[in-house]
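Just so we're clear, the structure is a prediction, and the values are computed from it rather than from any experiment. Chain letters run A, B, ... following the sequence lines, proteins first, then strands; residues in each count from 1.
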2 protein chains.
Amino acid sequence: MAERKTTWKSVRDRVRDDILAGRFKPGDRLPRDADFADTLNCARSTVQRAMQDLVDSGLIERRRKGGTHVRREPIARATLDIRVTRLEIEQSGREYGYQLISLKEAVPPVSVLAKLGIAAPRPLLRADALHLADGRPYILEERWICTQTTPEILQVDLTRISANEWLIKNKPYSRYELRLYAQKASATTAQQMEIDQGDALFVIERATFEDERPITLVKSFAQPGYQLVATT
Amino acid sequence: MAERKTTWKSVRDRVRDDILAGRFKPGDRLPRDADFADTLNCARSTVQRAMQDLVDSGLIERRRKGGTHVRREPIARATLDIRVTRLEIEQSGREYGYQLISLKEAVPPVSVLAKLGIAAPRPLLRADALHLADGRPYILEERWICTQTTPEILQVDLTRISANEWLIKNKPYSRYELRLYAQKASATTAQQMEIDQGDALFVIERATFEDERPITLVKSFAQPGYQLVATT
DNA sequence: ATTGCTATTATGTCGCTACATAATAAGTCA
DNA sequence: TGACTTATTATGTAGCGACATAATAGCAAT
């Protein structure tokens, strides 16, 4: 059909362009949805959908009765996709390798307990492992696993399958916290990753929970040069 | 009213729980929207909205005619909010300070040109500046600004207002690319940030565009200890 | 067997209506 | 004047119907 319908995406783009072109400035109030629908000759629900998308992308704010406003202090919102390490390596065309470094039960430091929301110190399972790309160390993970919420992990042969992979396949989570930062490689880490002590490592720290019950906390140290790319 | 309506969020949560509890496994096909709507006694549009949300969060995949499937290789999707540096500092209760380090026109290295999608080398404006929190260096930014797309920047007194702030307020972008990585502090950087040479810095590199026309490329070096937190 | 058409199926999108809800403004009574 | 109530307003959500679209399966002709 030659006839173009007004899709909600076209409405969104139009409004976004108006904002980007400065026809609506930060803090400005936009017309009501109903008016927009009127001028654009479409239904209010279509405008609603468009507006909601702009809210999600951080460009506008809406309040009942208060109306729709362009955000005063714009934020850049980006989405990160964190894949299983094996796939990340394989999909970049390199060969994946895995190696368990150590496995033991121990009482973690308070900082770890705090991030997992555990009040009383108790021993957790500590699994350190190396993910290799084309035979070279790529990511080193230091992981604490809550044996109380995931006792099945004790039956898993972690020398053959990584905790990363097993957990994702077998222990779904409902919520997680991500922290990204940089850290100098310690002597031990440097040796394990075959780099120099003091090299700058990119660290992805992730704590996962199911219904507020902690599952695991993992620090992934990435090889120098590693970049995390986010999309708009 | 005591009567509970079935909201699309409740549908989403129910389906999500089914998946998380393993009642649907990775790769499994879910019932059709219409069937879901039937058993849950709600409209198909409500199911549609719920499903779309699960697609956005990376839990399921949908294809026309193909139906809805649980993703085989789950991904963790997180959202990053990047605020204006001044606000980031002020909202954490510290005093914001700003200092221009240098300003000049120069031809950037090819790596910079490439990231901005500029084919023929040409001079850009280079502005280095320091953002301070409670008087101490917090973020050092090395910025290239495209004077061709943003000539107005030349009239701005960058000793008083940061390019970060001016651009965000005055030069909207339609797209950007984010790269996160770790880097060792060079001698110069270390001196400017009052840290030791070789310290691990967290780098946020951002290139912004309007309609494929490059606006700016900025590398933000964050003080050791800086953490970027992402939300689920 | 291969190509091409057609029917089928499940999701995607839009319009319309109706009502819910939050925030505010206006009005009322002591 | 101040506290309480009520009306108004704009967004949020749900239902229903209709048609669009992509992917597939089945069938037919060569």
Side-chain angles (χ1 to χ4, degrees), chain A residues 1-19 23-72 77, chain B residues 1-19 23-72 77:
Chain A
M1 71 154 51
E3 188 92 7
R4 284 298 291 150
K5 272 240 199 86
T6 45
T7 72
W8 68 266
K9 283 179 181 170
S10 76
V11 175
R12 176 199 61 186
D13 290 346
R14 203 203 135 123
V15 175
R16 182 199 277 136
D17 285 350
D18 279 350
I19 295 173
R23 288 188 280 282
F24 297 116
K25 296 202 185 309
D28 276 7
R29 177 174 184 168
L30 301 188
R32 305 160 36 212
D33 289 3
D35 292 344
F36 256 121
D38 232 42
T39 54
L40 297 177
N41 205 32
C42 69
R44 185 168 79 85
S45 51
T46 307
V47 177
Q48 215 315 84
R49 230 166 306 185
M51 293 300 190
Q52 202 48 59
D53 196 68
L54 292 174
V55 169
D56 289 342
S57 69
L59 202 62
I60 63 173
E61 285 173 321
R62 322 188 82 202
R63 250 168 305 119
R64 281 168 160 151
K65 165 84 183 182
T68 305
H69 292 259
V70 181
R71 273 185 88 114
R72 271 177 195 289
R77 193 160 283 173
Chain B
M1 73 157 45
E3 189 92 6
R4 283 300 290 151
K5 272 239 198 87
T6 45
T7 72
W8 68 266
K9 284 180 181 170
S10 76
V11 174
R12 175 198 62 186
D13 290 346
R14 202 203 136 122
V15 175
R16 182 198 276 139
D17 284 351
D18 279 351
I19 296 173
R23 287 188 281 279
F24 297 117
K25 296 202 186 310
D28 277 6
R29 176 171 185 172
L30 301 188
R32 305 158 37 210
D33 289 3
D35 291 344
F36 256 123
D38 232 41
T39 54
L40 298 178
N41 205 33
C42 68
R44 186 169 78 84
S45 52
T46 307
V47 178
Q48 222 298 82
R49 231 168 305 183
M51 292 300 190
Q52 203 48 58
D53 195 70
L54 292 174
V55 169
D56 290 342
S57 68
L59 202 63
I60 61 172
E61 284 172 323
R62 321 187 83 201
R63 249 168 304 118
R64 280 166 161 156
K65 166 81 183 179
T68 306
H69 292 259
V70 181
R71 272 184 90 115
R72 275 180 192 287
R77 194 159 283 172

When you compare the side chain of A:Phe36 with that of A:Val15, does any pair of heavy atoms fall below 4.5 Å?
yes
Qualifying residues under salt bridge (charged side-chain N to carboxylate O under 4.0 Å, His left out), relative to B:Asp18, sequence neighbours excluded:
B:Arg23
Taking DNA chain C as the partner, which of residues 51-70 of chain B come within under 4.0 angstrom of it by heavy atom?
B:Gln52, B:Arg62, B:Arg63, B:Arg64, B:Lys65, B:Gly67, B:Thr68
In chain order, what residues pass the salt bridge (charged side-chain N to carboxylate O under 4.0 Å, His left out) check against A:Arg71, with sequence neighbours excluded?
none
According to a strict under-4.0 Å criterion, is A:Gln48 in side-chain N/O contact with OP1 or OP2 of D:dG12?
yes
How would you list all residue pairs meeting salt bridge (Lys or Arg N to Asp or Glu O under 4.0 Å) that involve residues 54-66 of chain A, not counting sequence neighbours?
A:Asp33-A:Arg62
Partners of A:Lys9 by side chain to side chain contact (heavy atoms under 4.5 Å, CB included), sequence neighbours excluded?
A:Thr7, A:Arg12
Side chain to side chain contact (heavy atoms under 4.5 Å, CB included) partners for A:Arg49, two or more places apart:
A:Trp8, A:Ser45
With sequence neighbours excluded, what pairs up with A:Arg14 under the side-chain hydrogen bond (donor to acceptor under 3.5 Å, both in side chains) test?
none
In whole angstrom, give the distance that lies between atom CZ of A:Arg49 and atom C1' of C:dT13.
6 Å
Contacts of A:Asp38 that satisfy side chain to side chain contact (heavy atoms under 4.5 Å, CB included) - sequence neighbours left out
none
Who passes salt bridge (charged side-chain N to carboxylate O under 4.0 Å, His left out) against B:Asp13, sequence neighbours left out?
B:Arg16
For DNA chain D, the dot-bracket pattern of Watson-Crick and G-U pairs whose distances stay under 3.5 Å, | for other-strand partners:
||||||||||||||||||||||||||||||
Enumerate the residues from residues 30-45 of chain B whose closest heavy atom to DNA chain D is under 4.0 Å, giving them by residue number; use none for an empty result.
B:Cys42, B:Ala43, B:Arg44, B:Ser45
Which residues share a salt bridge (charged side-chain N to carboxylate O under 4.0 Å, His left out) with A:Arg32, sequence neighbours left out:
A:Asp35
